[in-house]
Amino acid sequence: MIKYAFHFLALTLLIFNACSPQQKEIKIAGSDDIAILKKMEFDWLAAEFERDTAFISPMIDETFISIEEDGLHDKQQNLKGMYDNITRRLQERHVVDSFYLDDMRIQLYDSAAVVTFYTVTQGRVKDVPFKNKRWRFYDVWVKRNGKWRAVASQGTPVS
């Protein structure tokens with residue numbers, strides 16, 4: 001009888017604990033990091049379209065490399081290239097009115113992450129509208145001292 005009373009007590013405590021309002025929400029491993037990386041990718045592109053390389057610079061590690069048409073670029077070359085590219089586009093009246101990220105995939109590996117996605121833009125070139133212009137991006141991030149920093153990037157136009 002004591003054995004059954006003990007099992008009943010243990011089961012009661014287990015149910016009470018599970019129903020307690022102090023029970024913490026169960027989180028998927030890395031869900032905070034995934035949300036942070038998604039936001040960083042979106043914020044980076046929004047800042048790039050605004051030529052705000054000062055906003056982007058702290059997101060990029062000093063060891064950063066990007067793959068460009070003319071070869072590998074380091075952090076400073078990449079930031080200058082972004083700024084120059086948007087300046088040239090604005091001079092040619094190529095304006096992005098809106099964009100979104102599509103088919104984003106994030107793979108976490110301890111303190112590293114690989115992020116792939118499409119950017120889908122809508123806008124105008126010399127007052128001629130365009131929509132659904134797509135680029136595929138592949139970014140590599142490393143988490144150091146609790147902060148994510150981009151270490152490699154490559155983008156390819158797909159439409």
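On a predicted model such as this, the values are computed, not experimentally measured, just so you know.
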> Got W141 and M40 here, is their nearest side-chain heavy-atom distance under 4.5 Å?
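When only atoms from C-beta onward are counted, M40 and W141 do touch, with a gap below 4.5 Å.
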> Give, for atom CD of Q91 and atom CG of D84, the distance between the pair rounded to the nearest 0.5 Å.
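Those atoms lie 9.5 Å apart.
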> To the closest 0.5 Å, what do you measure between CD (Q154) and CH2 (W135)?
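Here the rounded value is 9.0 Å.
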> For F130 and H94, take the angle between the two ring planes, folded into 0 to 90°, and tell me which bin it lands in: parallel under 30, tilted 30 to 60, perpendicular over 60.
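It falls in the perpendicular class, over 60°.
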> What closest approach, in Å, do T53 and L79 show between heavy atoms, and which atom pair accounts for it?
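Minimum heavy-atom separation between T53 and L79: CG2-O, 3.5 Å.
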> Write down the atom of K126, the atom of E92, and the distance for their closest heavy-atom approach.
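Reported closest heavy-atom pair: CG-O, 3.4 Å.
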> Could you check whether atom CD of E50 has more than 12 heavy atoms from other residues, nucleotides or ligands sitting under 6.0 Å from it?
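Not buried by this count: 12 neighbours or fewer within 6.0 Å.
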> Do the non-hydrogen side-chain atoms of Q107 and T116 ever get within less than 4.5 Å of each other?
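Side chain of Q107 against side chain of T116, heavy atoms only: no contact under 4.5 Å found.
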> Give every residue pair that meets the ring pair (Phe, Tyr, Trp, His ring centres under 6.0 Å) criterion with at least one member in residues 60-91, sequence neighbours excluded.
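Listed once each, the pairs would be none.
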> Side-chain contact test, heavy atoms from C-beta onward, threshold under 4.5 Å: evaluate it for F137 versus V115 and give yes or no.
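Not touching, per the 4.5 Å side-chain cut-off.
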> Search all heavy atoms of P129 against all heavy atoms of D127 and return the closest pair with its distance.
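Result for this residue pair: CD-O, 3.5 Å.
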> Is there a side-chain contact between K75 and S57, using heavy atoms and a 4.5 Å cut-off?
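Answer yes - side chains close enough.
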> Under a single-linkage definition using a 4.5 Å side-chain heavy-atom cutoff for Ile, Leu, Val, Met, Phe, Trp and Tyr, are M59 and I67 assigned to the same hydrophobic cluster?
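Looking at the clustering, I67 is in a separate group from M59.
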> Which distance, rounded to the nearest 0.5 Å, do you find between the CG of N85 and the CE of M82?
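Result: 10.0 Å between the selected atoms.
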> Please identify each residue that fulfils side-chain hydrogen bond (donor to acceptor under 3.5 Å, both in side chains) with K39, with sequence neighbours left out.
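Partners of K39 under the side-chain hydrogen bond (donor to acceptor under 3.5 Å, both in side chains) test: D43.
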> Output every pair passing salt bridge (charged side-chain N to carboxylate O under 4.0 Å, His left out) with a member in residues 101-121, not counting sequence neighbours, ordered by first then second residue.
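For residues 101-121, and leaving out neighbouring residues, the salt bridge (charged side-chain N to carboxylate O under 4.0 Å, His left out) pairs sorted by first residue read D102-R134, D103-R105, D103-R136.
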> Clusters formed by hydrophobic residues whose side-chain heavy atoms approach within less than 4.5 Å: which one holds V114, and what are its other members?
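Y109, Y138, V140, V142, V151, listed by chain and number.
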> Working to the nearest 0.5 Å, report the span between CD1 of I34 and CG of L37.
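Atom-to-atom, I34:CD1 and L37:CG are 8.0 Å apart.
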> Give the intermediate values and the outcome of side-chain contact (heavy atoms from CB on, under 4.5 Å) for residues I106 and E41.
CA-CA 11 Å; I106 300 175; E41 290 284 8; over 6 Å; no
> Sort and list the pairs that fulfil salt bridge (charged side-chain N to carboxylate O under 4.0 Å, His left out) and have at least one residue in residues 147-158, not counting sequence neighbours.
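Residue pairs passing salt bridge (charged side-chain N to carboxylate O under 4.0 Å, His left out), neighbours aside: none found.
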> Identify the two heavy atoms, one from Q77 and one from L72, that lie closest to each other, and give their separation to 0.1 Å.
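In terms of heavy atoms, the two residues are closest at OE1-O, 4.0 Å.
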> Would you say L45 and L90 are hydrophobically clustered, going by side-chain heavy atoms of ILVMFWY under 4.5 Å?
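Yes, L45 and L90 fall within the same hydrophobic cluster.
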> Following the transitive rule for hydrophobic clusters with a side-chain heavy-atom cut-off under 4.5 Å over Ile, Leu, Val, Met, Phe, Trp and Tyr, establish whether W44 and I65 coincide in one cluster.
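No: no chain of side-chain contacts under 4.5 Å links W44 to I65.
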> Can you confirm whether K38 is buried at NZ, in the sense that more than 12 heavy atoms of other residues, nucleotides or ligands lie under 6.0 Å from that atom?
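Result for NZ/K38: open.
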> Please enumerate all residues that pass salt bridge (charged side-chain N to carboxylate O under 4.0 Å, His left out) together with R124, with sequence neighbours excluded.
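R124: salt bridge (charged side-chain N to carboxylate O under 4.0 Å, His left out) contacts with D97.
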